[in-house]
Amino acid sequence: MTSKEPLVSNTKCECGHQNPVGTVLCEACGKPLDEKELGAEGNLEMRYDGVARRSQRVNPGLIDRVWNFFSSVKIAIYLIVLTLLGSMLGTIFPQESTFLNIDASTYYKETYGRAGNIYYKLGLSHTYESWWFVTLLVMIGASLVICSLDRVLPLYKALTRQKVRKHRQFLTRQKAVLVTPLTAEPEAWVAGLIEPLKKKGYRVKIDGSALLAEKHRFSRWGPYVIHIGLIIFLLAVLARGLPGLNMDQHLAFQQGEATRIPDTTYYLKNEQFTVEFYSDEEMPEEFRGKKVLPKLYETKAVLYECTADCTDPSREPQLSEVTSHDIRVNSPLSYKGLKAYQFDYDLTPVLRSVQPVLVNTATGEGYSKFRLDMKNPERTFQSGPYTLSLKEKYMDFGLNDEGQPASKSPYPNAPAFLFLITGPGLPEEGQQYFYFPKQLDKEQFQQQAINDRLGGSGRFLELEVQDMSDVDFAASTSYLNIRIDRAMPFVWVGAGIVMLGLILGFYWQHRRIWLRVEDGELVLGGHTNKNWFGFRREIVAILQKVDLIVDEKSLDNGGGLA
Amino acid sequence: MSLLDFSSDVFIVAFFLYSGAFMLYTIAIMGRRWSGRKPEEHTARFGKIAFIASSLGLICHFAYFITRWMGSGHIPVSNMYEFMTFLSMMIMVAFTVIFAIYRKIILGVFAVPVSIIVMAYAAVFPQEVQPLIPSLKSIYLNIHVTLAALGESFFAVGFAAGLMYLLRTVNFDSTARSDRKQQRLVEFTLFSIIVIIGFLGSVFAFRGAGYESVFVRSDVTIDSAGQGDSTIEKVSYKMPPIVAPYQSETEHFQPFLGIKEPLFEAPSWMNGVNAGRKFNTVIWSLLSGLILYGILRLIIRKPLGKAIHPVLDGIDENDLDEITYRAIAIGFPIFTLGALIFAMIWAQIAWGRFWGWDPKEVWALVTWLFYSAYLHLRLARGWQGRRSAWLAVLGFLVVMFTLVGVNLVIAGLHSYAGTD
């Protein structure tokens with residue numbers, strides 16, 4: 001075998017155990033194998049009990065090199081620190097994602113000047129979606145997997161086949177050490193320790209005059225459990241990007257109207273939206289008359305599922321109620337993975353329908369009423385002897401870049417309708433008529449002038465609403481955030497496992513005590529992965545039970561500093 | 001007397017008990033040389049009295065918390081005042097836990113003042129009970145905020161112990177380059193704490209004197225429809241304006257020490273009138289911190305670190321290292337649960353997304369990553385002791401930035417925890 005590290009080339013221990021390359025402490029007796037270690041003073045390196053890891057193979061190939069890279073704790077720390085610094089950079093200016101409609105290429109320059117422009121140019125305005133940040137997260141994921149696998153298997157092997165009798169040097173170079181003369185009969189004295197150790201929760205193994213006591217080994221798996229949880233968490237977060245697992249849309253729901261949720265078979269009806277503010281009596285004196293604090297936003301919502309005629313536009317869809325909920329902030333509607341969150345509201349009344357009549361301006365005669373829905377109007381209407389057929393509909397009337405009429409948005413802010421009227425006294429091909437149901441729009445867009453141009457001077461028909469009861473408004477609009485997120489359960493499972501691992505790893509400690517009595521001398525070594533203070537105190541208490549009085553501090557072998 | 005009145009009274013009692021306890025802890029340690037008794041006996045005796053005093057303070061603090069909760073009808077952690085008072089209470093809880101494990105009287109000399117400073121900082125904010133806005137009406141307000149604060153409090157105790165480790169181990173007599181560097185860094189850390197005390201001192205001094213000056217700034221913005229929109233912003237300075245907001249008019253100026261107008265104007269990149277006011281506060285804090293530091297140096301005639309160093313004589317540095325690590329190790333899972341996991345659960349319920357890269361969320365993550373790096377570094381050789389202690393000190397700076405700095409400097413969804 002040709003090794004680059006001649007120091008570890010001879011891996012056979014004097015106790016006869018053949019160790020793999022990279023072993024620091026003999027797997028069987030714990031004697032330091034590394035000759036540098038062997039000659040040295042001070043504490044032993046007890047990480048992973050000194051066993052060899054996969055990453056310590058000789059003659060690494062490409063895969064081994066990648067493995068070795070990610071298995072290094074040092075690399076993991078670099079990755080953590082880089083992610084930390086990257087995250088910090090992203091908070092200097094608000095991220096693009098915090099705005100609904102901005103032009104990022106000009107916004108940062110205009111708002112934050114040159115620094116803002118540099119920030120944008122560097123791509124920091126979308127730090128958390130940038131390739132380098134996502135790469136860092138993926139690398140952390142790789143590091144989590146490989147670091148854990150590299151260590152947990154050897155450690156598991158080492159801890160399940162521990163030998164009771166360890167090399168003297170293994171004992172004397174622990175951080176808690178006691179070497180003291182002992183005249184008692186070795187085996188009997190060691191046996192006397194079993195009871196006090198068991199009372200403290202230790203599991204005890206005896207090999208003649210040598211003893212191994214161990215407790216809370218499970219705590220050693222804490223870090224690996226944390227890492228498994230983090231991997232599940234990260235995978236779940238990645239999975240949210242897959243199509244079909246995730247839906248996120250902001251929709252407007254007018255009061256009293258069942259509105260379809262796109263890409264689903266569901267309809268949601270906002271039966272009543274309420275906003276309440278704190279009254280002066282409920283506010284501290286300092287705020288009265290100065291501040292307005294909201295108390296409640298609530299949408300009484302009913303969710304329907306479409307059972308038939310869902311896609312046929314000529315028919316009313318058949319809806320059946322599946323659930324209802326009073327949606328508030330902190331209390332979303334939830335049904336089979338679909339959630340509806342209170343997001344925003346608008347108290348401006350929205351026109352829903354009008355019932356105008358056709359009036360002959362020459363005679364003053366009015367014909368019959370018909371119902372004109374803003375959202376889904378019928379195609380033809382009848383008013384007296386006249387037939388009105390709907391040619392065009394604009395929800396939010398305006399002119400586009402070419403000066404043509406167009407709808408600026410799908411919301412009925414300024415509805416407008418173009419009819420073709422046919423009937424007595426009108427030309428054969430009919431007469432065009434523009435109708436703005438809102439009085440304000442009639443004036444702003446000059447309905448009169450438009451129609452005069454369309455119908456010529458002999459025009460004698462007007463559409464009029466004769467009574468306010470013929471106008472139907474939705475009192476308010478509630479904006480809901482509709483979400484489906486099928487990966488969420490995995491996110492929570494991952495987080496739960498992380499938490500479990502944290503508790504195992506941090507609130508218990510793996511404690512081990514080795515001792516051997518030989519030649520009238522007791523040699524005791526102790527190891528724990530944290531809380532040496534409590535551990536030393538425990539050893540002292542146990543030894544006290546067999547009338548061996550030791551000072552806590554004298555156990556401390558911490559590099560000779562104490 | 002109403003519950004809320006009782007609440008604020010008992011809060012003040014807690015404050016004085018803590019201050020008394022701090023003095024007793026100090027006497028227990030400093031007095032061991034010149035009390036007639038054996039040093040150990042003296043320390044044990046006064047340490048016990050000090051612990052009783054600080055525990056009584058904690059009981060009063062709890063009484064404040066419970067009565068304010070009853071009086072206001074919701075858990076008092078909903079604004080900056082309430083959060084800071086709660087944080088200071090949790091720091092005392094964390095201190096008591098660590099003290100119960102390690103029984104190191106000296107910890108009281110360093111951890112209790114951290115709590116006192118946070119408590120005093122709370123008093124900077126308006127103290128009225130505010131009704132809850134809809135987004136805060138959730139059981140997760142109780143869980144998320146309290147657990148996050150508890151976790152952070154253990155980090156605060158880790159900070160105190162880390163600082164003690166440094167004060168204990170840095171060689172203050174050496175003139176070697178590396179030692180000089182350590183001395184200067186420790187001195188800078190202590191100076192920063194004094195600046196915070198200077199900030200608190202100037203806030204309360206000017207508030208006591210009823211100082212106020214007012215600036216107005218009118219802003220004309222042109223909206224997309226081409227219509228000019230003029231907004232008038234008004235800002236009231238509670239400290240004499242050294243610096244005025246960028247492009248502002250003086251509405252009312254109360255002269256201070258013969259100064260009748262601001263000395264200069266904030267630079268243009270400090271947008272908004274509040275940026276100017278905050279800048280002014282920073283200047284005052286530095287100024288009063290410098291004065292305070294100067295006076296202290298004049299009295300003791302040596303660097304503060306060197307002066308405090310002998311207090312820690314005879315304390316085992318390995319114990320301090322272990323206390324630092326242990327405090328952080330206890331706090332870390334609590335912090336993870338409170339500041340990240342419950343934060344995500346709440347965010348999912350309130351906003352429909354468990355994570356949105358809001359500045360506060362990011363900084364909670366930064367804190368978590370920082371302490372993760374700390375815990376991993378503890379595995380490496382050469383990172384116990386000195387370096388680890390520095391990380392514990394730095395880590396608390398990250399925590400405080402997350403709690404205070406983010407609100408002051410970066411606005412985000414957590415803006416209701418407003419800082420004024």
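Every chain is numbered from 1 and lettered A, B, ... according to where its sequence line falls, protein lines coming before strand lines.
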#### Entry: Engaged part of N481(A) at the chain B interface, taking heavy atoms whose separation is under 4.5 Å
side chain
### Message
So for L84(A), is it side chain, backbone, both, or neither that comes closer than 4.5 Å to the heavy atoms of chain B?
### Response
both
### Task
Would you mind checking which part of W532(A) comes under 4.5 Å of any heavy atom in chain B, side chain (CB onward), backbone (N, CA, C, O), both or neither?
both
#### Entry: Top of P333(B), A329(B), S372(B), A350(B) for chain A proximity - count of heavy-atom pairs under 4.5 angstrom
P333(B)
### Query
Going by the angle between their ring planes, with limits at 30° and 60°, are Y374(B) and Y325(B) parallel, tilted or perpendicular?
tilted
### Query
Who among Y78(A), Y278(A), F343(A) has the most heavy-atom pairs with chain B under 4.5 Å?
Y278(A)
### Message
Salt bridge check, K175(A) against D556(A): does any charged N sit closer than 4.0 Å to a carboxylate O?
### Response
no
### Summary
With chain B, the option among P294(A), S87(A), A115(A) that has the most non-hydrogen atom pairs under 4.5 Å is P294(A)
#### Entry: Verdict with supporting geometry, Y107(A) and D103(A), side chain to side chain contact (heavy atoms under 4.5 Å, CB included)
CA-CA 6 Å; Y107(A) 177 83; D103(A) 178 5; 5.8 Å; no
### Task
May I ask you to decide if the ring planes of Y345(A) and Y297(A) are parallel, tilted or perpendicular, using 30° and 60° as cut-offs?
tilted
### Message
As an exercise: rank V398(B), L375(B), L340(B) by heavy-atom pairs under 4.5 Å with chain A and give me the winner.
### Response
L375(B)
### Query
Can any side-chain N or O of Y341(A) pair as donor or acceptor with the backbone N or O of S331(A) at less than 3.5 Å?
no
### Query
Who pairs with R326(B) by salt bridge (Lys or Arg N to Asp or Glu O under 4.0 Å), at least two apart in sequence or on another chain?
none
### Query
So does R386(B) pair up with E317(B), basic N to acidic O under 4.0 Å?
no
### Query
When only pairs under 4.5 Å are counted, which of K339(A), Q95(A), M88(A) shares the most heavy-atom pairs with chain B?
M88(A)
### Message
For a side chain to side chain contact (heavy atoms under 4.5 Å, CB included) check, start with the C-alpha distance between F332(B) and L337(B), then their side-chain angles and the critical distance, and finish with the verdict.
### Response
CA-CA 9 Å; F332(B) 190 73; L337(B) 186 64; over 6 Å; no
## Note on the structure
Cut-off 4.5 Å, heavy atoms of chain B, and the answer for F533(A) is both
### Query
Given the options I101(B), L365(B), I323(B), T367(B), which has more heavy-atom pairs under 4.5 Å with chain A than any of the others?
I101(B)
### Query
Tell me, side chain or backbone of V129(B) under 4.5 Å from chain A's heavy atoms, or both, or neither?
backbone
### Message
For R328(A), is there an ion pair with E298(A) - N to carboxylate O distance below 4.0 angstrom?
### Response
yes
#### Entry: Distance (rounded to the nearest 0.5 Å) between L141(B) CG and L132(B) CG
6.5 Å
### Message
Taking side chain as everything from C-beta outward and backbone as N, CA, C, O, which of these in W355(B) sits under 4.5 Å from a heavy atom of chain A? Side chain, backbone, both or neither.
### Response
neither
### Task
Heavy-atom pairs under 4.5 Å with chain B are the metric here; pick the option from L502(A), I226(A), T127(A) that has the most.
L502(A)
### Task
Against chain A, work out which of F370(B), Y102(B), Y140(B) has the most heavy-atom pairs shorter than 4.5 Å and name it.
Y102(B)
### Query
Hey, are R378(B) and D321(B) close enough for a salt bridge, meaning a charged N less than 4.0 Å from a carboxylate O?
yes
### Heavy-atom contact with chain B under 4.5 Å, split by part of R114(A)
neither
### Message
Using a 4.5 angstrom heavy-atom cutoff, name the option from H376(B), E322(B), M344(B) with the most pairs to chain A.
### Response
E322(B)
#### Entry: I139(B) versus chain A, the contacting section by heavy-atom distance below 4.5 Å
neither
